[in-house]
Amino acid sequence: IVIYYTNDVHTYINGDISYDNIANLKQETEKQAAGVLLVDAGGGNGILARLEQAGVALSDIHDIFLTHTHTDHIFGVVWVVRMIAQAMNSGKYSGELHLFGHDEGLAALESICRLTLPGKVCKHLHEDILLHALDDGQCFAAAGMQAQAFDIGSTKAKQYGFCLQLPDGRRLTCLGD
């Protein structure tokens, strides 16, 4: 399952960039993928309602890709981290949460978490909430699929996208912002 929650669609698959194409891809991929890859998470706790509307439980999310540090992309990740860490504390989440992105984005995310979330949540950072700083061109696995991160060359802020190999052989490319 690939879920996008940003203010804009910058995802390309088979020549089409659209919300409808992403929704159709989600339905197709749900049948084949081994897990959920959350890409960014919007600007706040609205992501929680969006996930509920999509029928995705926080306990099913084990991989998140952060494209960059703009508030409309990173703040929702803080909420997801908070809720998953609380679920870990109460025994309602099993396994690890993997956060992927570039070094600056993950450092900013960790700083925000440490400044705003309680210690009982932050204790999970680097223990079972793992931050994977990726280099330009580095390959990684998420939601049971192979992906390759790339720097989009933004002049505004360091920003990564990725190319994901879907189970049916197609490739999905997320271009960031």
Side-chain angles (χ1 to χ4, degrees), residues 1-11 19 22-23 25-27 29-31 33-134 140-145 147 149 157 159-162 164 172 174 176-177:
I1 301 171
V2 181
I3 296 177
Y4 288 87
Y5 181 77
T6 61
N7 293 336
D8 306 303
V9 172
H10 303 286
T11 303
Y19 282 109
I22 298 304
L25 175 68
K26 177 187 174 287
Q27 290 176 350
T29 308
E30 279 180 326
K31 299 170 189 167
V36 174
L37 171 60
L38 178 63
V39 181
D40 295 333
N45 66 357
I47 184 61
L48 303 175
R50 291 289 222 185
L51 290 170
E52 187 176 329
Q53 290 168 353
V56 176
L58 287 169
S59 60
D60 293 333
I61 299 173
H62 293 275
D63 299 294
I64 299 175
F65 189 93
L66 177 63
T67 61
H68 62 291
T69 60
H70 290 168
T71 58
D72 62 328
H73 295 257
I74 195 171
F75 284 167
V77 178
V78 175
W79 278 93
V80 173
V81 166
R82 175 186 179 190
M83 300 306 291
I84 288 176
Q86 289 175 339
M88 288 174 171
N89 287 337
S90 64
K92 296 179 181 171
Y93 184 95
S94 61
E96 299 171 330
L97 175 63
H98 297 270
L99 299 163
F100 300 96
H102 58 74
D103 56 349
E104 293 175 21
L106 294 179
L109 176 64
E110 182 175 0
S111 292
I112 294 167
C113 287
R114 292 198 184 279
L115 288 169
T116 61
L117 301 177
K120 63 185 176 183
V121 167
C122 293
K123 74 178 183 178
H124 293 282
L125 294 171
H126 301 287
E127 288 184 20
D128 38 21
I129 297 178
L130 305 172
L131 286 69
H132 303 278
L134 302 171
F140 64 101
M145 297 175 277
Q159 194 168 158
Y160 273 19
F162 62 88
L164 183 70
L172 177 135
C174 173
D177 207 11

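Separating the CG atom in Leu134 from the CZ atom in Phe162 is a distance of 11.0 Å, to the nearest 0.5 Å. Between Asn45 atom CG and Phe75 atom CZ the span is 12.5 Å, to the nearest 0.5 Å. Between atom CG of residue Leu115 and atom CD1 of residue Ile112 there is a gap of 8.0 Å, rounded to the nearest 0.5 Å. Atom CG of Leu38 sits about 5.0 Å away from atom CD1 of Ile61, to the nearest 0.5 Å.
When ring centroids are compared, His62 and Tyr93 come within the 6.0 Å threshold. For Phe100 and Phe140, the gap between ring centers is short of 6.0 Å.
Side-chain N or O atoms of His70 include none that pairs as donor or acceptor with a backbone N or O of His73 at under 3.5 Å. Side chain of Asp63 to main chain of Leu37: no donor-acceptor pair is present (N/O by atom type, distance under 3.5 Å, no hydrogens or angles).
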Please test Leu97 against Asp128 for side-chain contact (heavy atoms from CB on, under 4.5 Å), starting from the C-alpha separation and ending with a verdict.
CA-CA 6 Å; Leu97 175 63; Asp128 38 21; over 6 Å; no
Passes side-chain contact (heavy atoms from CB on, under 4.5 Å), Val121 versus Cys113? Steps please.
CA-CA 9 Å; Val121 167; Cys113 287; over 6 Å; no
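Between Leu117 and Cys122, the shortest heavy-atom contact is O-SG, 3.7 Å. Nearest heavy-atom pair, Thr69 versus Ala108, reported as atom, atom and distance to 0.1 Å: CG2-CB, 3.7 Å.
Only one option out of Val36, Val39, Leu99, Asp40 pairs with Ile64 in a side-chain contact (heavy atoms from CB on, under 4.5 Å); it is Leu99.
Within a 6.0 Å sphere centred on CD of Glu127, heavy atoms belonging to other residues, nucleotides or ligands number more than 12.
Using bins of under 30°, 30° to 60° and over 60° for the plane-to-plane angle, the ring pair His132/His98 lands in the parallel bin.
Listed by first then second residue, pairs satisfying salt bridge (Lys or Arg N to Asp or Glu O under 4.0 Å) with a partner in residues 98-118 read Asp103-Lys158, Glu110-Arg114, not counting sequence neighbours.
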All N/O donor-acceptor pairs, side-chain side in residues 78-89, below 3.5 Å, sequence neighbours left out:
unit_1 : atom_1 : unit_2 : atom_2 : d
Asn89  : OD1    : His124 : NE2    : 2.6
Asn89  : ND2    : Lys120 : O      : 3.0

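Using a 4.5 Å heavy-atom threshold, the side chains of Leu164 and Cys174 count as separate.
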